[in-house]
Chemist: 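After the structure tokens below, expect a handful of questions from me.
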Amino acid sequence: MPPLVRHLLALVIGLMAGSAVNMSLILLGGQLVPPPPGTQTQTMEGLAAALPLFGPQHFVFPFLAHALGTLVGAAVAATVAGWGGAAMKAWPAWAVGAFFLSGGVANVWMLGGPLWFTVLDLGLAFLPMAWCGLRLATALRAARQA
């Protein structure tokens, strides 16, 4: 398979895997930490109106969803791309991180939220987790070859 096709496929598969983890954790979080009574969180407008009523506990699962979704997506993308140390093979994992970061920025733009969460989420959940995903893929590849 030509490298470009393999890398584009890696990007798509990484985005799908990361999105699945993200959405699973968001849905699980809504079950384990329900929103405050009387809030409607099914629409962006309802969620934006409910955010001022949220406590710190309501932000745990969104952060985990963003961080672990990016981690898994980047690791999968790096694995499919054949990550082995070459910078050219790393771009699908970084692209997963950048894609999810752009979604996080859009989320902040549309919804707002507390400053502490915005800084934590945008600063730690995306590009650092993409880097961790690359490291994880490298470690798993080395372990398989040993």
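One-based numbering along the sequence shown.
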Chemist: Distance-only, no hydrogens or angles: does the His7 side chain make a donor-acceptor pair with backbone N or O of Leu4 under 3.5 Å?
Modeler: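 Between the backbone of Leu4 and the side chain of His7 there is no qualifying donor-acceptor contact (under 3.5 Å).
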Chemist: Considering the options Leu28, Leu27, Ile26, which one meets the side-chain contact (heavy atoms from CB on, under 4.5 Å) requirement together with Phe61?
Modeler: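 The passing option is Leu28.
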Chemist: Say whether Leu68 and Phe59 are linked into one hydrophobic cluster, either directly or through other cluster members, by side-chain heavy-atom distances under 4.5 angstrom.
Modeler: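 As far as the 4.5 Å side-chain criterion goes, Phe59 and Leu68 are not connected within one cluster.
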Chemist: List the steps, then state whether side-chain contact (heavy atoms from CB on, under 4.5 Å) holds for Leu25 with Val21.
Modeler: CA-CA 6 Å; Leu25 287 170; Val21 169; 4.0 Å; yes
Chemist: Can you give me every donor-acceptor pair (side chain of residues 104-131, partner residue at least two apart or in another chain, under 3.5 Å) with its distance?
Modeler:
| from | atom 1 | to | atom 2 | distance (Å) |
| --- | --- | --- | --- | --- |
| Thr118 | OG1 | Pro114 | O | 3.2 |
| Asp121 | OD1 | His66 | ND1 | 2.9 |
| Asp121 | OD2 | His66 | ND1 | 2.8 |

Chemist: Grab the two heavy atoms, one from Val96 and one from Ala74, that are nearest each other, plus how far apart they are.
Modeler: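 In this case the closest contact between Val96 and Ala74 is CG1-N, 3.7 Å.
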Chemist: Could you tell me the separation between the OG1 atom of Thr70 and the CZ atom of Phe99, rounded to the nearest 0.5 Å?
Modeler: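 If we round to the nearest 0.5 Å, Thr70:OG1 and Phe99:CZ are 10.5 Å apart.
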Chemist: Enumerate donor-acceptor pairs with a distance under 3.5 Å from any side-chain N or O in residues 30-44 to protein atoms, sequence neighbours excluded.
Modeler:
| from | atom 1 | to | atom 2 | distance (Å) |
| --- | --- | --- | --- | --- |
| Thr39 | OG1 | Pro36 | O | 2.7 |
| Thr43 | OG1 | Gly46 | N | 3.0 |

Chemist: What is the minimum heavy-atom distance between Ala10 and Ala81, and which atoms define it?
Modeler: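 Minimum heavy-atom separation between Ala10 and Ala81: CB-N, 3.6 Å.
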Chemist: Which heavy atom of Gly133 sits nearest to which heavy atom of Leu71, and what is that distance?
Modeler: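 Gly133 and Leu71 have their closest heavy atoms at N-CD1, 3.4 Å.
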Chemist: Rounded to the nearest 0.5 Å, what's the gap from CG on Leu11 to CZ on Arg6? Could you check?
Modeler: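 Here the interatomic distance stands at 14.0 Å.
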Chemist: After noting the C-alpha distance and the side-chain angles of Trp94 and Leu134, does the key distance pass the side-chain contact (heavy atoms from CB on, under 4.5 Å) rule?
Modeler: CA-CA 8 Å; Trp94 286 113; Leu134 279 169; 3.2 Å; yes
Chemist: Is there a side-chain contact between Arg144 and Thr79, using heavy atoms and a 4.5 Å cut-off?
Modeler: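 In short, these two side chains touch, coming nearer than 4.5 Å.
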